[in-house]
Engineer: 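Questions regarding the structure given below will be posed in turn.
Lettering follows sequence order; numbering is per chain, from 1. Remember, it's a predicted structure, so these values are computed and weren't measured experimentally.
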Number of protein chains: 4
Amino acid sequence: MSSLNKVCLIGNLGNDPEMRYTVDGVAITNLSIATSEKWKDKDGKKQEKTEWHRIVFYKGLAEVAGEYLKKGAMIYLEGKLRTREWEDKEGIKRFTTEITGNLLKMLDKNPIKHPVDGTALDEDEDPDIPF
Amino acid sequence: MSSLNKVCLIGNLGNDPEMRYTVDGVAITNLSIATSEKWKDKDGKKQEKTEWHRIVFYKGLAEVAGEYLKKGAMIYLEGKLRTREWEDKEGIKRFTTEITGNLLKMLDKNPIKHPVDGTALDEDEDPDIPF
Amino acid sequence: MSSLNKVCLIGNLGNDPEMRYTVDGVAITNLSIATSEKWKDKDGKKQEKTEWHRIVFYKGLAEVAGEYLKKGAMIYLEGKLRTREWEDKEGIKRFTTEITGNLLKMLDKNPIKHPVDGTALDEDEDPDIPF
Amino acid sequence: MSSLNKVCLIGNLGNDPEMRYTVDGVAITNLSIATSEKWKDKDGKKQEKTEWHRIVFYKGLAEVAGEYLKKGAMIYLEGKLRTREWEDKEGIKRFTTEITGNLLKMLDKNPIKHPVDGTALDEDEDPDIPF
DNA sequence: TTTT
DNA sequence: TTTT
């Protein structure tokens with residue numbers, strides 16, 4: 001009956017966000033977030049594994065993500081898992097699992113670079129940045 | 001630097017768990033969990049969408065999941081996202097996203113049916129069931 | 001800068017919910033939820049400890065909680081921690097920590113008893129129950 | 001039956017951690033973490049409210065928290081709620097709600113200052129800092 | 001008592 | 001493939 005589908009991530013953007021608009025004018029932003037795990041194996045040797053997560057934001061969050069995040073930024077996000085079906089070039093059915101984000105918090109104090117015009121913006125100078 | 005990779009699900013098993021052992025004797029159990037979302041579309045018509053999640057448990061949790069869960073059971077689980085690379089029959093690289101479970105709680109009071117021998121077991125009668 | 005204040009609970013109501021309205025007509029519902037922990041102590045003796053959580057829902061969730069939950073019901077809830085200051089009879093400052101709920105999911109299939117009139121209602125008979 | 005008692009916080013330490021040892025040699029560290037919420041009220045005026053959370057870490061996490069955190073540090077933590085009963089000077093029963101932490105991640109890249117001796121330590125120079 |  |  002009731003169900004829960006929740007993902008919480010803290011990680012860094014692997015690239016600048018990619019923002020676009022549907023024909024209806026809905027903003028969509030795609031991100032890649034890296035999380036990494038460190039551990040020692042049986043031989044005491046340090047190991048590290050990085051996991052990449054595909055994130056999609058819609059509407060208001062897409063605008064915020066597209067405007068204020070950039071490559072390397074550290075964020076906290078919550079969302080839900082969604083597996084999409086698509087066809088590759090050979091017409092073979094494929095699946096991709098993404099996280100549809102519904103909460104976003106920026107976790108570092110880096111100056112913010114607008115991806116569009118490349119100008120740097122210090123958060124302290126803009127009281128309307130929604131983090 | 002620091003990162004977080006966490007998934008929390010509440011849902012029902014689509015099938016009996018599949019449990020196996022590696023050559024080293026490590027238990028591995030695979031599950032499918034359904035979560036579903038209901039909403040009303042623009043026309044006020046009820047919509048429902050089901051999402052299927054692939055779960056993997058290892059070691060002790062794999063044993064617990066393999067022995068005490070069955071098709072239809074409602075569970076709460078926590079885990080982390082992991083995308084595995086594999087090759088299909090044509091040798092084409094494919095990706096599958098799974099959740100490696102690290103916490104499991106059973107949420108219904110159904111009598112528990114052992115998948116192996118089909119005997120029913122009432123939880124109240126067994127003080128050692130680890131939920 | 002950014003912060004997160006989140007609580008997730010699965011537990012049972014210790015009593016029927018208490019619902020009231022402010023003079024402005026805003027619904028407020030108070031609940032107590034029990035969570036319990038089991039473990040074995042050093043002597044291998046089973047121990048159990050129950051924790052009680054004070055929950056407050058407002059507006060729509062308060063109406064839902066007040067109407068559809070009852071003593072013993074099992075729920076999943078998310079909310080945030082809030083510590084309120086108040087004065088006891090002797091005028092001494094006291095603090096109470098509560099969880100302001102912002103998500104509620106019912107986890108059992110019990111017939112629902114309206115606290116007001118005591119009539120039982122089977123969820124299957126009411127397509128508008130918002131779980 | 002099954003239950004869940006989980007808190008997730010991102011916030012800043014209000015003071016240096018307070019670390020001590022029980023007579024059995026178990027490390028215990030107490031922290032205060034601030035989370036804050038911003039919103040606009042009906043008149044469009046910006047409002048902000050800070051919530052303070054009492055955190056307790058035990059054993060290994062207590063040592064880590066006591067050694068590597070300091071006033072102002074931003075952390076992510078998970079834990080569980082616990083309400084303790086105690087008696088005030090007048091012998092009146094009081095309650096305090098705390099979070100027993102079971103996961104800790106440091107979220108800023110500040111040089112780490114040991115509270116004890118005031119020496120600064122750059123995380124990059126110490127491969128054994130457990131974050 | 002933090003942080004912005 | 002679940003559940004309601």
Side-chain angles (χ1 to χ4, degrees), chain A residues 1-5 68 76 83 105-112 121-131, chain B residues 9-18 30-38 46-55 69-77 106-108 110 115, chain C residues 1-5 68 76 83 105-112 121-131, chain D residues 9-18 30-38 46-55 69-77 106-108 110 115:
Chain A
M1 186 180 46
S2 268
S3 68
L4 177 74
N5 174 357
Y68 298 111
Y76 171 83
T83 298
K105 290 176 186 287
M106 199 169 182
L107 295 179
D108 46 16
K109 305 159 194 166
N110 295 339
I112 288 163
L121 177 68
D122 194 316
E123 270 184 90
D124 294 332
E125 297 173 335
D126 186 340
D128 289 317
I129 291 176
F131 296 113
Chain B
L9 299 179
I10 294 176
N12 301 280
L13 276 76
N15 275 305
D16 285 343
E18 288 169 24
N30 289 88
L31 300 179
S32 274
I33 294 290
T35 58
S36 67
E37 236 185 326
K38 285 155 196 159
K46 287 196 177 186
Q47 299 289 335
E48 174 162 3
K49 189 167 174 291
T50 293
E51 196 69 38
W52 287 97
H53 310 271
R54 300 174 61 96
I55 317 294
L69 300 180
K70 66 171 205 296
K71 180 173 174 171
M74 189 184 197
I75 62 171
Y76 171 84
L77 77 88
M106 199 171 181
L107 296 179
D108 46 17
N110 296 338
Chain C
M1 185 181 44
S2 267
S3 67
L4 177 74
N5 175 358
Y68 297 111
Y76 170 84
T83 298
K105 289 177 187 288
M106 198 169 182
L107 296 179
D108 46 16
K109 305 159 194 164
N110 296 337
I112 288 162
L121 178 68
D122 193 317
E123 270 185 271
D124 294 332
E125 297 172 336
D126 187 341
D128 289 317
I129 291 176
F131 297 111
Chain D
L9 299 178
I10 294 176
N12 300 281
L13 276 75
N15 275 303
D16 285 342
E18 288 168 24
N30 289 87
L31 301 179
S32 274
I33 294 291
T35 57
S36 67
E37 235 184 327
K38 285 155 196 158
K46 287 196 177 186
Q47 299 289 334
E48 174 161 3
K49 188 166 174 291
T50 294
E51 196 69 38
W52 286 97
H53 310 271
R54 300 173 62 95
I55 317 294
L69 300 180
K70 66 173 205 292
K71 180 172 173 171
M74 188 185 197
I75 62 171
Y76 170 84
L77 77 88
M106 199 170 182
L107 296 179
D108 45 17
N110 296 337

Engineer: Expressed in angstrom and rounded to an integer, what is the separation of B/Ile75 atom CD1 from F/dT3 atom C1'?
Structural biologist: 13 Å
Engineer: State, to 0.1 Å, how close B/Ala34 and B/Thr50 come at their nearest heavy-atom pair, and which atoms those are.
Structural biologist: CB-CG2, 3.9 Å
Engineer: How many whole angstroms separate atom CG of B/Leu107 from atom P of F/dT2?
Structural biologist: 19 Å
Engineer: Round to a whole Å and report the spacing from CZ of D/Arg54 to P of E/dT2.
Structural biologist: 17 Å
Engineer: Rounded to whole Å, please give me the gap between CG in B/Asp16 and P in F/dT1.
Structural biologist: 15 Å
Engineer: Check whether any side-chain heavy atom of D/Leu13 sits under 4.5 Å from a side-chain heavy atom of D/Lys70, and report yes or no.
Structural biologist: no
Engineer: Figure out the CD/C1' separation between B/Glu18 and F/dT2, and round it to whole Å.
Structural biologist: 15 Å
Engineer: With side chains defined as the heavy atoms from C-beta onward, is the minimum distance between B/Asp16 and B/Glu18 less than 4.5 Å?
Structural biologist: no
Engineer: Contact class for D/Thr50 (heavy atom, under 4.0 Å): base, sugar-phosphate, or nothing?
Structural biologist: base
Engineer: F/dT1 P sits how many Å from B/Ile55 CD1, rounded?
Structural biologist: 18 Å
Engineer: What's the closest nucleotide to the side chain of D/Lys71 if the choices are E/dT4, F/dT1, E/dT1?
Structural biologist: E/dT1
Engineer: I'd like to check the salt bridge (Lys or Arg N to Asp or Glu O under 4.0 Å) partners of B/Glu37; sequence neighbours left out, ordered by chain and number.
Structural biologist: A/Lys80
Engineer: State which of E/dT1, F/dT1, E/dT4 makes the closest approach to the side chain of D/Asn15.
Structural biologist: E/dT1
Engineer: What nucleotide among F/dT4, E/dT3, F/dT1 has an atom nearest to a side-chain atom of D/Asn12?
Structural biologist: E/dT3
Engineer: What integer distance in Å separates A/Lys105:NZ from E/dT4:C1'?
Structural biologist: 13 Å
Engineer: Nearest whole angstrom, please: distance from the P of F/dT2 to the CE of B/Met74.
Structural biologist: 16 Å
